[in-house]
Amino acid sequence: MALNNAIPATGTGLIVSFGEMLIDFVPTVSGVSLAEAPGFLKAPGGAPANVAIAVARIGGNAAFVGKLGDDEFGHMLAGILKENGVRADGIPFDKGARTALAFVTLRADGEREFMFYRNPSADMLLKPEELNLELIRSAKVFHYGSISLIVEPCRSAHLKAMEVAKEAGCLLSYDPNLRLPLWPSPEEARKQILSIWDKADLIKVSDVELEFLTGSDKIDDASALSLWHPNLKLLLVTVGEHGSKYYTKNFHGSVDAFHVKTIDTTGAGDSFVGSLLAKIVDDQSILEDEPRLREVLKFANACGAITTTKKGAIPALPKEEDVFNLIKESSA
């Protein structure tokens, strides 16, 4: 049943999100460098984990697959997933490596700078044989990023998980989530991000990632379509306060953003993609039906917008009623 006019109901099919979960340490004061920060608050994060919680927050069915350290922070993160209704039976714990940490500073404009502690962290040490294949095979959608491609053995685990998901008939969803400081070089980042490009059914990139991957400074249709591949069902480009652009085999267009008071952009893209996946998981024909896809993207844009109105990703991820309220207010 569709709620709120034409927006499809959240699906019940399982969405498995694969990759890293970590702790962001965020300065207590915005607009300062890491060195100038008087103190830090810990905020759970990691794009694939944010996506899983975004799905669950609007009533969807989500699981997270990734490795955590067998330490206080690792068990805290697994606990946060469970508290938020995300299945954690795909998480092994590493006794030898710590859970990853990132120090994130918010510049005065709400954008972020990162400094990572991963040498190596537990997420990088996930081995193919540690994957919960039964969980992955039971998914309708398998979602992943590119950070898990940076080093072995996690890279092999990532490729194996994708292969198993594809064989099981999952929709493969890819958000590269570029974090240049984690890669040996920009060239290596581009090469590896594109190495799995043609496997995905659905790809979401930001305007910054589009520029990076194409080498063009234009955010236009030609630039986006240069990333198209024949097996792709939907390519999405998020353009911050300008909303999102969508491309399929038969149509393309854009959906306006919702205007809100932005405090922190962390997790906005994850909220966008998680809510989109939750709305299409049970009915993938939406990807070929432009009016219904536009309604879903409107909902996803609203989710992304709400996520920017609070500090931190996970606390800011909206419930469905918050999203309907924003859509209603904006159309009034």
Side-chain angles (χ1 to χ4, degrees), residues 1-19 47-66 81 84-90 132-145 161-162 164-175 177 199-204 231-236 238 244 246 248 255 267 269-304 307 317-324 327:
M1 185 191 74
L3 298 161
N4 201 51
N5 308 328
I7 295 167
T10 298
T12 57
L14 179 64
I15 296 166
V16 167
S17 200
F18 174 90
N50 292 342
V51 169
I53 294 174
V55 168
R57 192 70 57 86
I58 60 164
N61 181 8
F64 174 75
V65 172
L81 287 169
N84 281 282
V86 174
R87 287 177 60 178
D89 48 336
N132 182 337
L133 298 181
E134 198 182 330
L135 178 66
I136 293 166
R137 287 190 186 108
S138 68
K140 288 267 184 70
V141 172
F142 182 71
H143 175 77
Y144 47 89
M162 272 173 58
V164 166
K166 192 76 168 172
E167 280 169 8
C170 294
L171 180 93
L172 297 194
S173 163
Y174 185 21
D175 176 356
N177 199 44
K199 300 271 197 294
D201 300 300
L202 186 157
I203 295 174
K204 176 241 147 196
N231 303 321
L232 202 50
K233 293 177 178 168
L234 177 63
L235 173 65
L236 294 161
T238 54
S244 52
Y246 58 88
T248 74
V255 179
D270 305 326
S271 179
F272 172 88
V273 79
S275 56
L276 168 90
L277 294 175
K279 292 296 180 190
I280 64 158
V281 63
D282 286 358
D283 184 1
Q284 293 173 22
S285 71
I286 291 169
L287 301 177
E288 292 157 24
D289 180 342
E290 190 169 14
R292 284 197 299 157
L293 180 62
R294 288 184 65 85
E295 288 298 324
V296 167
L297 290 172
K298 181 165 84 172
F299 182 89
N301 280 355
C303 283
T307 308
L317 296 169
K319 291 192 167 78
E320 195 155 57
E321 69 225 44
D322 306 329
V323 185
F324 289 147
I327 292 171

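Because the structure is a prediction, the values reported are computed rather than measured.
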Would you check if the side chain of [X] reaches a backbone N or O of [Y] as a donor-acceptor pair within less than 3.5 Å?
X	Y	result
T248	E288	no
N84	V86	no
T10	I58	yes
D270	A54	no
S17	P48	yes

Practice prompt. Return the set of residues passing salt bridge (Lys or Arg N to Asp or Glu O under 4.0 Å) with K166 (not counting sequence neighbours), or none when no residue passes.
Written response: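 Salt bridge (Lys or Arg N to Asp or Glu O under 4.0 Å) list for K166, sorted by chain: D201.
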Worksheet item: For the residue pair I286 and K279, what are the closest heavy atoms and their distance?
Response: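 Taking every non-hydrogen atom into account, CD1-O, 3.4 Å.
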Worksheet entry | Closest non-hydrogen atom pair between V281 and T12, with its separation |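 Residues V281 and T12, closest heavy atoms: CG1-N, 4.4 Å.
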Fill in: Test log, rule side-chain contact (heavy atoms from CB on, under 4.5 Å), inputs K199 and Y174
CA-CA 9 Å; K199 300 271 197 294; Y174 185 21; over 6 Å; no
Worksheet item: How many angstroms lie between CD1 in I53 and OG in S271, if you round to the nearest 0.5 Å?
Response: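 Output value for this atom pair is 11.5 Å.
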Fill in: Side chain to side chain, L171 and I280, heavy atoms closer than 4.5 Å
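A side-chain contact under 4.5 Å exists here.
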Fill in: E295 and K298 ion-paired at < 4.0 Å
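Looking at K298 together with E295, the answer is yes, because their closest N to O distance falls below 4.0 Å.
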